[in-house]
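All values below come from the heavy atoms of this structure, side chains included, with hydrogens, waters and symmetry mates left out.
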Amino acid sequence: MVMMTHLPRLRQLLLLQPKFLSSQSRILRSPLIRPPTFLRSLMGSSSSFSSSSSKLLFRQLFEKESSTFTYLLADVSHPDKPALLIDPVDKTVDRDLQLIDELGLKLIYAMNTHVHADHVTGTGLLKTKLPGVKSVISKASGSKADMFLEPGDKVSIGDIYLEVRATPGHTAGCVTYVTGEEADQPQPRMAFTGDAVLIRGCGRTDFQGGSSDQLYESVHSQIFTLPEDTLIYPAHDYKGFEVSTVGEEMQHNPRLTKDKETFKTIMSNLNLSYPKMIDVAVPANMVCGLQDVPSQAN
């Protein structure tokens, strides 16, 4: 793991950002996006991310009620500027569509990392408002969608792709989406981990077919084997964090740094309350993107 304790603060933060972020991918100063932190301000004001070969446009969006991150990725080097959304939320669909329209993107896929229990997915509304958008989820989730993914599959937008890695444990159907390893793909790599790995934490394992044993194996075999500078973008954050790295979580995650038996003990003693949205969210999300969307519109 690269130690950065002696580097200037600005250089430390810039080292954590994907090399292919284009000049068009600067964070917008608008209510559509979570209020910027110091790191985000640096990202928005720096021109060091511009390159003649840049092709990735990337946005991290936030829904405050469920503390859910939605991610927008697009290949802006392609004539159509194809794009995808990861983990869209029904309540912020209009925000997402406005941003996509303003940036001149063509949304192709609305993807979920798993069947969420804390919010209703926005894929159904997106499909209604933008006919032709395909909803995407893992086959192992058991839910409905237009496209079902299995481990090793690739989802492409232009010349950028995401690799599918099975990371069950939070739920039986969780997957992590990882950018490619080739030199023409965004570097450092990016891992959209859903609830498998949170920043300094992980998703609970006490419902929806969850298993602490399985989650531990998933993380250590599918995520912690990625390069240590791989950027981790989780589905949620409750403490004000936005991005981490594989190396950071391998060193500092208070749960996943433990041995498996200790981890299982920690997870079995969390004593978490029953998710307040689960009885609404899970039935809706089990028909991912195909629910009776007019009833969700208001």
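Between Phe58 and Tyr71 the shortest side-chain heavy-atom distance falls below 4.5 Å. At least one side-chain heavy atom of Tyr177 sits less than 4.5 Å from a side-chain heavy atom of Ile86. Taking 4.5 Å as the limit, every side-chain heavy atom of Thr230 sits out of range of all side-chain heavy atoms of Pro188. Within the 4.5 Å cutoff, the side chain of Leu149 has no heavy atoms near those of the Ile137 side chain. Considering only heavy atoms from C-beta on, Phe207 comes within 4.5 Å of Ile278 through its side chain. Looking at Glu248 and Arg200, their side chains come closer than 4.5 Å, going by heavy atoms from C-beta outward. Contact annotation: the side chain of Thr245 never approaches that of Glu228 to less than 4.5 Å [non-hydrogen atoms, C-beta and beyond]. Put simply, the side chain of Val175 does not reach to within 4.5 Å of the side chain of Arg165, judged on heavy atoms.
Considering Ile100, Leu73, Val133, Ile108 as possible partners of Leu85, the one that fulfils the side-chain contact (heavy atoms from CB on, under 4.5 Å) test is Ile100.
His119 and His236 have perpendicular rings, their planes meeting at more than 60° on a 0 to 90° scale where under 30° would count as parallel. Between Tyr216 and Phe263, the ring planes lie tilted relative to each other; the angle falls in the 30° to 60° range.
Val93 and Val89 fall into different hydrophobic clusters, where Ile, Leu, Val, Met, Phe, Trp and Tyr side chains are chained together by heavy-atom contacts under 4.5 Å. Linking ILVMFWY residues whenever their side-chain heavy atoms come closer than 4.5 Å, directly or via other members, places Ile266 and Leu215 in the same cluster. A single hydrophobic cluster is seen to contain both Leu97 and Val76, as judged by linkage of ILVMFWY side chains at heavy-atom distances under 4.5 Å, directly or through other members. Tyr233 is connected to Met111 through a chain of hydrophobic side-chain contacts under 4.5 Å among Ile, Leu, Val, Met, Phe, Trp and Tyr, so both are in one cluster. The hydrophobic cluster containing Val120 does not contain Met286, counting ILVMFWY residues as joined when their side-chain heavy atoms lie under 4.5 angstrom apart, directly or transitively.
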Apply the test side chain to side chain contact (heavy atoms under 4.5 Å, CB included) to residues Phe192 and Val178: give CA-CA distance (whole Å), side-chain angles for both, the deciding distance (0.1 Å), then the verdict. CA-CA 6 Å; Phe192 300 92; Val178 184; over 6 Å; no

Side chain to side chain contact (heavy atoms under 4.5 Å, CB included), that's the test. Do Lys55 and Asp184 meet it? Break it down for me. CA-CA 9 Å; Lys55 56 187 176 183; Asp184 66 344; 3.9 Å; yes

Before giving the answer on side chain to side chain contact (heavy atoms under 4.5 Å, CB included), spell out for Lys134 and Met147 the whole-Å C-alpha distance, their side-chain angles and the decisive distance to 0.1 Å. CA-CA 7 Å; Lys134 295 185 180 299; Met147 290 177 55; 3.9 Å; yes

Step by step, work out the side chain to side chain contact (heavy atoms under 4.5 Å, CB included) result for Ile223 and Thr176. CA-CA 8 Å; Ile223 298 175; Thr176 291; 3.7 Å; yes

Output, in order, the C-alpha distance, side-chain angles, deciding distance and verdict of salt bridge (charged side-chain N to carboxylate O under 4.0 Å, His left out) for Glu65 and Lys91. CA-CA 9 Å; Glu65 186 172 328; Lys91 294 181 179 180; 2.9 Å; yes

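Side-chain atoms of Ser211 and Asp213 include no donor-acceptor pair closer than 3.5 Å. Thr121 and Asn112 are linked by a side-chain donor-acceptor pair at a separation below 3.5 angstrom, with hydrogens and angles left out of the test. Using modelled atom types and a 3.5 Å distance limit, the side chains of His114 and Thr171 yield no donor-acceptor pair. When only modelled atom types and interatomic distance are considered, Glu249 and Ser244 share a side-chain donor-acceptor pair under 3.5 Å. A donor-acceptor pair shorter than 3.5 Å cannot be found between the side chains of Ser66 and Asp118. Checked by atom type, the side-chain pair Asp87/His116 shows a donor-acceptor distance below 3.5 Å. A side-chain donor-acceptor contact under 3.5 Å links Gln98 and Glu102. A donor and an acceptor atom, one from each side chain of Asp146 and Tyr109, are nowhere located under 3.5 Å apart.
At least one donor-acceptor pair under 3.5 Å links the side chain of Ser141 to the backbone N or O of Ser143. Using modelled atom types, one side-chain atom of Arg255 and one backbone atom of Cys202 make a donor-acceptor pair closer than 3.5 Å. Checking side-chain atoms of Thr123 against main-chain N and O of Ala110 turns up no donor-acceptor pair under 3.5 Å. Under the 3.5 Å distance criterion, the side-chain polar atoms of Asn285 are left unmatched by any main-chain donor or acceptor of Val282. The backbone N or O of Thr265 sits less than 3.5 Å from a side-chain atom of Asn269, completing a donor-acceptor pair. At least one donor-acceptor pair closer than 3.5 Å links the side chain of Gln185 to the backbone N or O of Asp159. No donor-acceptor distance shorter than 3.5 angstrom exists from the side chain of Thr262 to the backbone of Lys258, with no hydrogens or angles considered. At least one donor-acceptor pair closer than 3.5 Å links the side chain of His170 to the backbone N or O of Arg204. Judged purely by atom type and a 3.5 angstrom limit, Thr179 uses its side chain to pair as donor or acceptor with the backbone of Met190. Remark: the backbone N or O of Glu242 is paired with a side-chain donor or acceptor of Gln60 at under 3.5 angstrom.
Taking OG1 of Thr257 as the start and NE2 of His252 as the end, the distance is 10.0 Å to the nearest 0.5 Å. Distance check: Asp75 CG to Leu56 CG gives 8.0 Å after rounding to the nearest 0.5 Å. Distance CD1/Ile157 to CG/Leu57: 9.5 Å, rounded to 0.5 Å. Separating the CG atom in Leu107 from the CG atom in Leu72 is a distance of 8.0 Å, to the nearest 0.5 Å. To the nearest 0.5 angstrom, Arg59 atom CZ is 5.0 Å from Leu103 atom CG. With values rounded to the nearest 0.5 angstrom, Thr113 atom OG1 is found 13.0 Å from Phe69 atom CZ.
Closest approach of Gly203 and Met267 over heavy atoms only: O-CE, 3.3 Å. Between Pro227 and Arg189, the shortest heavy-atom distance links the atoms CD-NH1, 4.3 Å. Summarising the geometry of Leu256 relative to Ala196, their closest heavy-atom pair is CD1-O, 4.4 Å, with the distance given to 0.1 Å. Pairing each heavy atom of Gly173 with each of Ser138, the nearest pair is O-OG, 2.6 Å. Here the shortest heavy-atom pairing between Leu198 and Asp195 reads CD2-CA, 4.0 Å. Of all non-hydrogen atoms in Pro151 and Ala166, the two that sit nearest each other are CG-CB, 3.6 Å.
Under a 4.0 Å N-O distance rule, the pair Lys260/Glu217 qualifies as a salt bridge.
Cation-pi geometry between Lys154 and Tyr161 is met: under 6.0 angstrom from the ring centre, within 45 degrees of the axis.
Within 6.0 Å of the NZ atom in Lys276, the count of heavy atoms belonging to other residues, nucleotides or ligands does not exceed 12.
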